[in-house]
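Here is the structure we will look at, set down as structure tokens.
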Amino acid sequence: ELAVVFARLRADFPIFERMVHGKPLVYLDNGATSQKPHCVIEAEAHYYARLNANVHRGVHRLSQEATDAYEGARDIVQRFVNAAQREEIVFVRGTTEAINLVANSYGVRFKPGDEILITGMEHHSNIVPWQLACERTGAVLRVAPVNDRGELIVEEFARLLGPRTRFVAVTHVSNALGTINPVRELVAMAHECGVPVLVDGAQAVPHIAVDVQALDCDFYAFSGHKLYGPTGIGVLYGKSALLDAMPPWQGGGDMIREVSFAGMTWNDLPYKFEAGTPNIAGAIGLGAAIRYLSDIGFDRVAAHERALLAYATEQAQTIPGLRMIGTARDKAAIVSFVLEDVHAHDVGTILDLEGVAVRTGHHCAMPLMARFGVPATVRASFALYNTQEEVDALFAALHKVREIFHHA
Ligand code: PMP
């Protein structure tokens with residue numbers, strides 16, 4: 001009966017009205033970006049059609065309405081992640097920008113020999129900003145390894161957490177494997193050593209109810225577009241005490257209180273970190289996406305996606321020569337695999353002709369691919385609108401791939 005509910009929700013997403021190569025679209029690339037429901041598209045269109053004005057500036061009516069809508073979206077995000085204060089929600093361009101903000105701003109205090117600890121399953125956007133911070137400051141990057149199932153080896157993480165560790169950055173859910181990390185435990189371990197923790201939540205927020213206070217993380221980053229919201233909008237949550245002590249990263253309008261040629265003073269949180277005209281429409285669209293998801297309820301979304309994951313994992317065993325990469329015990333609705341003797345890109349190309357959209361490649365996690373000795377995998381990642389029939393379509397297409405390469 002859950003499947004029936006979700007099959008009906010599918011009608012909320014206009015993209016499924018279109019065909020691909022004459023076949024119905026089977027969209028299994030949700031880890032890259034999700035599709036958008038009508039309400040999100042309409043929220044953006046409504047802003048441009050009826051409210052369009054700059055925020056935090058005008059005394060005029062439109063500017064006030066636009067500001068109310070933009071700040072209203074901040075309230076929605078605050079409740080969504082259960083932040084203690086609305087000032088702790090900073091709107092940014094996406095996960096990547098959120099992490100760069102912290103690496104640049106918090107990172108000014110890193111000294112030569114300081115250590116930044118990450119894990120072996122990070123997305124490039126939670127590796128490279130720290131490498132750049134290391135280059136600037138002389139800090140050193142340390143990496144906690146993953147086991148053959150694609151799980152973080154927590155004992156190794158604990159061992160690497162030492163007297164020189166100044167910062168920890170970990171992903172909540174691996175985009176390449178689906179592994180869910182025990183973030184709460186990792187945060188507690190880091191805090192024992194007095195070290196703050198940033199969590200990359202890009203792949204977690206669409207699948208798991210996140211409570212930043214329960215996790216006790218210091219920073220939490222995510223993107224709107226993987227959460228049924230627009231591109232170009234994302235969120236950095238940060239504990240106010242930390243954000244308050246950090247210098248601004250970008251300068252411009254809105255982030256200052258007073259400017260003269262002798263100097264300037266910074267604005268309060270969160271505006272200190274929101275230089276320039278923000279993505280007003282995007283924030284409003286993100287608010288609509290969160291409302292949509294919250295109305296359905298995470299319990300139901302998680303149960304539906306868990307059923308799809310279990311079914312896909314079972315079906316994968318029917319394909320000869322399929323090797324699953326990432327078999328974590330705690331896993332989000334992502335399957336990543338390779339087919340013996342067939343390159344992932346060839347698999348992706350044939351699947352596309354069947355209307356099946358998957359991601360093939362290194363998933364911006366090249367060190368993780370190296371860990372498993374593969375250059376690329378095929379990744380199917382599920383969302384609330386996916387169905388069991390679509391999983392069947394994926395595996396029917398994979399059987400076709402096998403046939404083509406078997407007879408070649
Ligand atoms: N971290 C993870 C785990 C991701 O999956 C992604 C997106 N693939 C990012 C960070 C980067 O997100 P964005 O490109 O939206 O900034």
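In this text the structure is predicted, and so the values were computed from the model without any measurement. Side chains are part of it too, since the values below use all heavy atoms of this structure and drop only hydrogens, waters and symmetry mates. Along the sequence shown, the residues carry numbers beginning at 1.
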Any Lys/Arg nitrogen of [X] or [Y] sitting under 4.0 Å from an Asp/Glu carboxylate oxygen of the other?
| X | Y | answer |
| --- | --- | --- |
| Glu274 | Arg74 | yes |
| Arg184 | Asp211 | no |
| Glu151 | Arg329 | yes |
| Lys400 | Glu354 | yes |
| Glu65 | Arg50 | no |

Check whether the side chains of [X] and [Y] place a donor and an acceptor atom closer than 3.5 Å, and report yes or no.
| X | Y | value |
| --- | --- | --- |
| His21 | Asp352 | yes |
| Tyr220 | His172 | yes |
| Glu258 | Thr265 | no |

Looking at every heavy atom in both [X] and [Y], which two are closest together, and how far apart are they?
| X | Y | result |
| --- | --- | --- |
| Cys217 | Val199 | CB-CG2, 3.7 Å |
| Thr67 | His56 | OG1-N, 3.0 Å |
| Thr119 | Val143 | C-CG1, 3.6 Å |
| Pro129 | Ala103 | O-CB, 3.7 Å |
| Ala312 | Phe395 | O-CZ, 3.4 Å |
| Ser125 | Thr96 | CB-OG1, 3.6 Å |

So, does [X] use its side chain to make a donor-acceptor pair with the main chain of [Y] at under 3.5 Å?
| X | Y | result |
| --- | --- | --- |
| Glu122 | Ala365 | no |
| Asp12 | His38 | no |
| Thr165 | Gly162 | yes |
| Lys36 | Gly229 | yes |
| Thr95 | Ser223 | yes |
| Thr360 | Val378 | no |
| Glu135 | Gln131 | no |
| Thr387 | Ala3 | no |
| Asn279 | Gly232 | yes |
| Asn181 | Thr171 | yes |

Tell me if the [atom1] atom of [X] is crowded by more than 12 foreign heavy atoms within 6.0 Å.
| X | atom1 | value |
| --- | --- | --- |
| Met324 | CE | yes |
| Arg164 | CZ | no |
| Arg109 | CZ | yes |
| Arg291 | CZ | no |

Using side-chain heavy atoms (C-beta onward) and a distance below 4.5 Å, is [X] in contact with [Y]?
| X | Y | result |
| --- | --- | --- |
| Glu305 | His207 | yes |
| Phe222 | Val81 | yes |
| Phe80 | Ile89 | no |
| Val90 | Val92 | yes |
| Val391 | Asn386 | no |
| Arg371 | Asp148 | yes |
| Asp218 | His191 | yes |
| Leu236 | Ile99 | no |

What about the rings of [X] and [Y], do their centers lie closer together than 6.0 Å?
| X | Y | result |
| --- | --- | --- |
| Tyr237 | Phe219 | no |
| Phe273 | Phe91 | no |
| Tyr385 | Phe6 | no |
| Trp266 | Tyr271 | no |
| His123 | His363 | no |
| Phe382 | Tyr311 | no |

Check the pair Gln85, Ser240 against side-chain hydrogen bond (donor to acceptor under 3.5 Å, both in side chains), reporting the backbone distance first and the verdict last.
-> CA-CA 8 Å; Gln85 305 164 38; Ser240 59; 3.3 Å; yes
Got a second to check how far [X]'s [atom1] is from [Y]'s [atom2], nearest 0.5 Å?
| X | Y | atom1 | atom2 | result |
| --- | --- | --- | --- | --- |
| Met121 | Leu177 | CE | CG | 7.0 Å |
| Leu186 | Leu152 | CG | CG | 6.0 Å |
| Thr33 | Tyr228 | OG1 | OH | 10.5 Å |
| Lys226 | Asn30 | NZ | CG | 10.0 Å |
| Arg142 | Leu161 | CZ | CG | 12.5 Å |
| Glu185 | Leu215 | CD | CG | 12.5 Å |

Kindly indicate, with the supporting measurements, whether the criterion side-chain hydrogen bond (donor to acceptor under 3.5 Å, both in side chains) is fulfilled by Ser336 and Thr377.
-> CA-CA 6 Å; Ser336 210; Thr377 74; 2.8 Å; yes
Does the side chain to side chain contact (heavy atoms under 4.5 Å, CB included) test come out yes or no for Leu101 and Met246, once each step is laid out?
-> CA-CA 10 Å; Leu101 190 166; Met246 286 158 52; 4.3 Å; yes
Starting from the C-alpha separation in whole Å, work towards a yes-or-no answer on salt bridge (charged side-chain N to carboxylate O under 4.0 Å, His left out) for Arg359 and Asp29.
-> CA-CA 6 Å; Arg359 176 79 185 271; Asp29 194 16; 5.4 Å; no
Assess whether salt bridge (charged side-chain N to carboxylate O under 4.0 Å, His left out) is satisfied between Arg257 and Asp268, documenting all intermediate values.
-> CA-CA 8 Å; Arg257 175 163 300 133; Asp268 296 329; 2.6 Å; yes
Between Val146 and Leu368, is a side chain to side chain contact (heavy atoms under 4.5 Å, CB included) present by the stated rule, with each step listed?
-> CA-CA 9 Å; Val146 300; Leu368 184 63; 4.0 Å; yes
Show your working on side chain to side chain contact (heavy atoms under 4.5 Å, CB included) between Leu398 and Leu351 and close with a plain yes or no.
-> CA-CA 7 Å; Leu398 285 172; Leu351 293 190; 4.1 Å; yes
Parallel, tilted or perpendicular: which fits the ring planes of His362 and His124, with parallel below 30° and perpendicular above 60°?
-> tilted
